[in-house]
Protein chains: 2
Amino acid sequence: MPSSRLSPRRELATATGDQRSSAETRPDAPGLLSIAAVERDTGLLKDTLRVWEKRYGFPQPLRDANGERIYPREQVERLRQIRRLMDQGHRPGKLFAASPTDFAALLVQSDAPAALPAEAQRMLGLLQASAADALRSALQERLQTLGLEDFVLHFAIPLSIAIGAAWARGEMEVAHEHLYTEQMQNLLRATINALPIRAGSPRVLLTTFPNELHSLGLLFAQALLASHGAACTSLGAQTPLEDIRKTAQNGGFDVILLSFSGAFPARAAFSGLRILAADLAPGTQIWAGGRHLADKPAVIDGVRYLAGMADTLLALQDWHATPPS
Amino acid sequence: MPSSRLSPRRELATATGDQRSSAETRPDAPGLLSIAAVERDTGLLKDTLRVWEKRYGFPQPLRDANGERIYPREQVERLRQIRRLMDQGHRPGKLFAASPTDFAALLVQSDAPAALPAEAQRMLGLLQASAADALRSALQERLQTLGLEDFVLHFAIPLSIAIGAAWARGEMEVAHEHLYTEQMQNLLRATINALPIRAGSPRVLLTTFPNELHSLGLLFAQALLASHGAACTSLGAQTPLEDIRKTAQNGGFDVILLSFSGAFPARAAFSGLRILAADLAPGTQIWAGGRHLADKPAVIDGVRYLAGMADTLLALQDWHATPPS
DNA sequence: GCATCTTGTTTGTCTAGGACAAATCTGGAT
DNA sequence: ATCCAGATTTGTCCTAGACAAACAAGATGC
């Protein structure tokens with residue numbers, strides 16, 4: 001007798017792989033995580049965790065009564081730090097070999113001590129105090145003051161980076177980050193939704209390839225474009241290549257914006273871009289975001305690389321200067 | 001020389017496990033998917049896919065030059081249908097044993113032929129045509145006409161269910177569903193954001209346990225509560241139990257709303273609820289959503305079960321009738 | 001008849017160790 | 001400096017087996 005479900009859960013099942021066990025996420029056992037829970041928390045595949053244990057001797061989880069791996073919280077935190085450094089280009093072999101001192105040095109160095117606006121600093125505090133309402137209104141106030149463009153470029157992005165760093169350092173709970181993401185999303189989506197579309201602006205389709213999550217980054221780009229009147233349609237993250245192609249053809253878009261994080265292999269990115277570019281309606285452009293792509297870009301007809309968020313606006317300017325229609 | 005990343009990707013890495021391979025998602029090879037891609041698309045673990053192949057003889061992927069599994073699109077679609085029926089309580093053994101006729105019958109039966117408003121029917125069409133702008137304004141119009149509460153209860157929820165069913169039937173691409181989720185999110189978040197908070201209303205914290213994705217459902221609940229003036233704070237999906245506890249204590253919330261989909265094992269849900277209820281500030285309530293929980297609820301002090309979305313509003317009424325402060 | 005306990009079956013996830021191709025680093029030649 | 005060949009690192013996939021939790025069915029008691 002199947003009991004029917006209340007509401008669909010698929011939109012995320014697609015994007016993430018919704019697992020169904022109970023063991024890996026058993027909510028008891030305070031500081032101890034199963035291998036599946038660690039996979040979820042760190043983004044490292046089970047296979048990778050096991051092979052690291054064999055090759056490098058870390059992590060070194062305990063075992064429960066059934067001989068299954070049990071990871072103490074501190075090891076998971078270390079794994080997160082390692083993951084973060086790897087995302088920045090370091091290789092695991094070096095990281096595991098590094099002395100504790102060197103490792104710490106790398107970590108500190110990685111925390112872009114970039115100029116973080118004083119207000120952003122204050123918001124880190126609000127976040128750590130879980131002061132949701134205060135955070136909400138503070139963000140809103142900043143947005144009012146700075147305007148959408150400056151807010152995104154000079155406030156939201158540095159703040160997001162700082163939060164990522166604080167999280168890797170273990171100074172922030174998962175809940176804090178969720179709270180931040182929610183508030184920021186609410187604010188930006190509401191703002192974007194209310195913006196007028198300027199005539200003569202391009203119609204832009206935004207998304208990422210499969211295996212690209214990174215949803216806040218995409219939202220930032222959308223906000224920048226929309227603030228200049230572009231007609232944006234986002235598919236969120238993780239759209240299969242074939243689907244992007246079809247949607248782009250149907251929708252009559254002028255621009256397809258793809259965002260890539262550092263973790264996405266450049267080879268695959270270029271290969272996908274080539275395929276996408278191959279059967280593009282004439283006049284349609286592709287904008288590919290992601291710093292590591294812009295470093296040594298493959299020359300593909302119809303593809304433009306954006307080295308940073310700010311480049312998005314330059315591309316838009318150029319589009320206006322020479323509309324391909 | 002680490003190349004630094006533009007923007008943080010963590011908020012989703014947390015929630016999903018961001019993988020880093022290239023093979024599983026190689027964007028070439030039109031109708032053929034690697035095992036990792038199938039895991040992402042169907043939500044079935046690699047291990048499960050392999051063990052099904054051995055035990056039931058399905059799926060039966062091809063092999064590439066390296067002996068690695070390659071799944072044709074049609075098998076993946078079948079897997080999605082199976083997954084959907086399993087979410088409704090069917091067991092795999094029966095499904096694999098069923099004759100094609102019986103299987104088809106189950107599928108049809110599962111597609112809640114529930115009364116779908118004519119306008120919703122029309123929107124399914126818009127979605128399938130990828131008419132993003134038309135969809136956007138149509139949704140907006142519906143929302144204006146019906147008001148937030150009716151819109152959610154009698155329009156958005158049935159529509160979401162219908163979309164889930166169409167997707168399982170293979171009539172809908174991933175992109176269509178992404179498009180829908182995005183538009184709906186934009187609309188609801190913008191609306192919620194603009195709602196006033198009524199004095200004397202409870203402060204509600206919304207989230208789900210780890211392994212619970214289901215973000216649109218949570219957003220629906222938030223919309224309903226907010227439409228009646230409640231002060232809602234959402235953490236999104238997938239918050240670790242410990243984090244929920246801490247946030248709830250800090251934030252001075254009156255209610256914690258947890259949402260569970262059918263795929264979440266009831267045992268684990270009750271166990272988690274008990275832990276959470278144990279050290280709750282006096283006067284704080286827990287509302288647990290999810291039909292399968294309400295069927296045979298474990299009696300836990302401070303926990304109220306919501307059998308359906310509409311129950312959310314009843315609970316709110318009761319709260320107002322007898323404020324626990 | 002309805003509830004509770006016991007047993008047998010189904011099912012998902014974990015374990016182990018081995019293999020290999022893609023990505024990266026290294027040194028040599030232009 | 002730039003480019004190519006070879007060596008090394010590294011992530012993911014493979015097989016095969018084991019076991020506990022979830023479930024179904026039958027037995028027992030009220």
Side-chain angles (χ1 to χ4, degrees), chain A residues 1-3 17-26 33-40 43-56 61 63-71 82-83 86 89-97 211 262-271 292 296, chain B residues 1-3 17-26 33-40 42-56 61 63-71 82-83 86 89-97 211 263-271 292 296:
Chain A
M1 245 37 83
S3 70
D18 171 8
Q19 271 80 8
R20 45 187 20 257
S21 106
S22 63
E24 68 257 34
T25 319
R26 67 166 67 86
L33 305 183
S34 72
I35 193 169
V38 175
E39 166 170 324
R40 183 172 39 68
L44 298 164
L45 288 183
K46 297 185 190 56
D47 277 324
T48 307
L49 291 168
R50 287 192 271 254
V51 88
W52 280 7
E53 184 179 334
K54 185 161 54 168
R55 285 189 191 149
Y56 310 113
R63 300 292 179 137
D64 70 1
N66 313 324
E68 302 189 354
R69 279 165 251 255
I70 302 280
Y71 296 82
I82 291 170
R83 170 71 202 258
M86 287 197 342
H90 295 280
R91 305 196 66 187
K94 308 283 180 181
L95 293 175
F96 287 112
N211 259 10
F264 198 82
R267 261 188 68 84
F270 291 132
S271 142
H292 67 304
K296 35 181 178 176
Chain B
M1 250 31 89
S3 70
D18 171 8
Q19 271 79 7
R20 45 186 20 256
S21 109
S22 64
E24 69 256 35
T25 319
R26 68 166 67 87
L33 304 183
S34 71
I35 193 170
V38 175
E39 166 170 322
R40 184 172 37 67
T42 63
L44 299 164
L45 287 184
K46 298 185 187 67
D47 278 324
T48 306
L49 291 168
R50 288 193 271 253
V51 89
W52 280 7
E53 184 178 335
K54 186 161 56 167
R55 285 190 191 148
Y56 311 113
R63 300 290 180 137
D64 70 2
N66 314 324
E68 303 189 350
R69 277 165 252 256
I70 302 280
Y71 295 83
I82 290 170
R83 170 70 203 257
M86 287 199 342
H90 294 281
R91 306 197 64 187
K94 309 281 182 181
L95 293 175
F96 287 113
N211 260 9
F264 197 83
R267 262 187 68 84
F270 291 132
S271 141
H292 67 303
K296 36 180 175 176

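For clarity, every value in this text was computed on a predicted model and none was experimentally measured. Just so it is clear: chains get the letters A, B, ... in the order the sequence lines come, proteins before strands, and each one is counted from 1. Computation of the quantities below employed the complete heavy-atom set of this structure, encompassing side-chain atoms and omitting hydrogens, waters and symmetry-equivalent molecules.
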Asks: Mind checking if A/Phe96 touches a base, just sugar-phosphate, or nothing, with heavy atoms under 4.0 Å?
Replies: nothing
Asks: Tell me: CG of B/Leu45 to P of C/dT15, nearest whole Å?
Replies: 13 Å
Asks: For the pair made of CD1 in A/Ile70 and P in C/dT13, what is the distance, rounded to whole Å?
Replies: 16 Å
Asks: Just to confirm, is there a sub-4.0 Å distance from OP1 or OP2 of C/dT11 to any side-chain nitrogen or oxygen of B/Thr48?
Replies: no
Asks: Do B/Phe96 and B/Ile82 touch side chain to side chain, with heavy atoms closer than 4.5 Å?
Replies: yes
Asks: Over how many whole Å does the gap from B/Glu39 atom CD to D/dC14 atom P extend?
Replies: 12 Å
Asks: Touch check for B/Asp47, heavy atoms < 4.0 angstrom, all strands: base, sugar-phosphate only, or nothing?
Replies: base
Asks: How bent is the helix from C/dG1-D/dC30 to C/dT30-D/dA1, comparing axes over its five end pairs at each side, to the nearest 10°?
Replies: 30°
Asks: From NE2 of A/His90 over to C1' of C/dC25, roughly how many Å is that when rounded to an integer?
Replies: 16 Å
Asks: By nearest heavy atom, map A/Val51 and B/Lys94 onto DNA chain D; which one lands nearer the 5' end?
Replies: A/Val51
Asks: Look at the side chain of A/Asn66 and decide which nucleotide, out of D/dA20, D/dT12, C/dC14, has an atom nearest to it.
Replies: D/dA20
Asks: Does A/Arg69 reach a base, just sugar-phosphate, or nothing at all? Heavy atoms under 4.0 Å.
Replies: sugar-phosphate
Asks: Quick check for you: to the nearest 0.5 Å, what is the distance between A/Leu33 atom CG and A/Glu39 atom CD?
Replies: 12.5 Å
Asks: Round to a whole Å and report the spacing from CG of B/Leu49 to C1' of C/dT13.
Replies: 13 Å
Asks: How close do B/Leu44 and B/Leu49 get, counting heavy atoms only, and between which atoms?
Replies: O-CD1, 3.9 Å
Asks: Taking the side chain as every heavy atom from C-beta outward, state whether B/Glu53 and B/Pro61 have any atom pair closer than 4.5 Å.
Replies: yes
Asks: Who are the side chain to side chain contact (heavy atoms under 4.5 Å, CB included) partners of A/Arg50, not counting sequence neighbours?
Replies: A/Ile35, A/Lys46, A/Asp47, A/Arg69
Asks: Separation of B/Asp64 atom CG from C/dA22 atom C1', in whole Å?
Replies: 14 Å
Asks: If you only use heavy atoms from C-beta on, which nucleotide in D/dC13, D/dC14, D/dC19 is closest to the side chain of B/Arg55?
Replies: D/dC19
Asks: Is A/Tyr56 close enough to D/dT10 that one of its side-chain N or O atoms is under 4.0 Å from OP1 or OP2 there?
Replies: yes
Asks: Heavy atoms from C-beta onward define the side chain here; which of C/dC25, D/dC23, D/dC13 lies closest to that of B/Arg91?
Replies: D/dC23
Asks: Of all the nucleotides listed (C/dG12, C/dT15, C/dT11), which has the minimum atom distance to the side chain of B/Trp52?
Replies: C/dG12
Asks: Shortest non-hydrogen contact from A/Trp52 to A/Pro92?
Replies: CZ2-CB, 4.3 Å
Asks: In terms of side-chain heavy atoms of B/Arg63, which of D/dA20, D/dC14, D/dG11 is nearest?
Replies: D/dC14
Asks: Taking the minimum atom-to-atom distance to the side chain of B/Lys54, which one of D/dG11, C/dG12, D/dA16 wins?
Replies: D/dA16
Asks: Are OP1 or OP2 of C/dT13 and a side-chain N or O of A/Ser34 less than 4.0 angstrom apart?
Replies: no
Asks: For the pair made of CD1 in A/Ile82 and C1' in D/dG11, what is the distance, rounded to whole Å?
Replies: 15 Å
Asks: Spell out yes or no: do the side chain of A/Arg50 and the base of C/dG17 have one donor N/O and one acceptor N/O closer than 3.5 Å?
Replies: no
Asks: Between C/dT11, D/dC14, D/dG11, spot the one nearest the side chain of A/Met86, thanks.
Replies: D/dG11
Asks: Taking the side chain of A/Lys46 as its heavy atoms from C-beta onward, which of C/dC14, D/dC13, C/dT11 lies nearest to it?
Replies: C/dC14
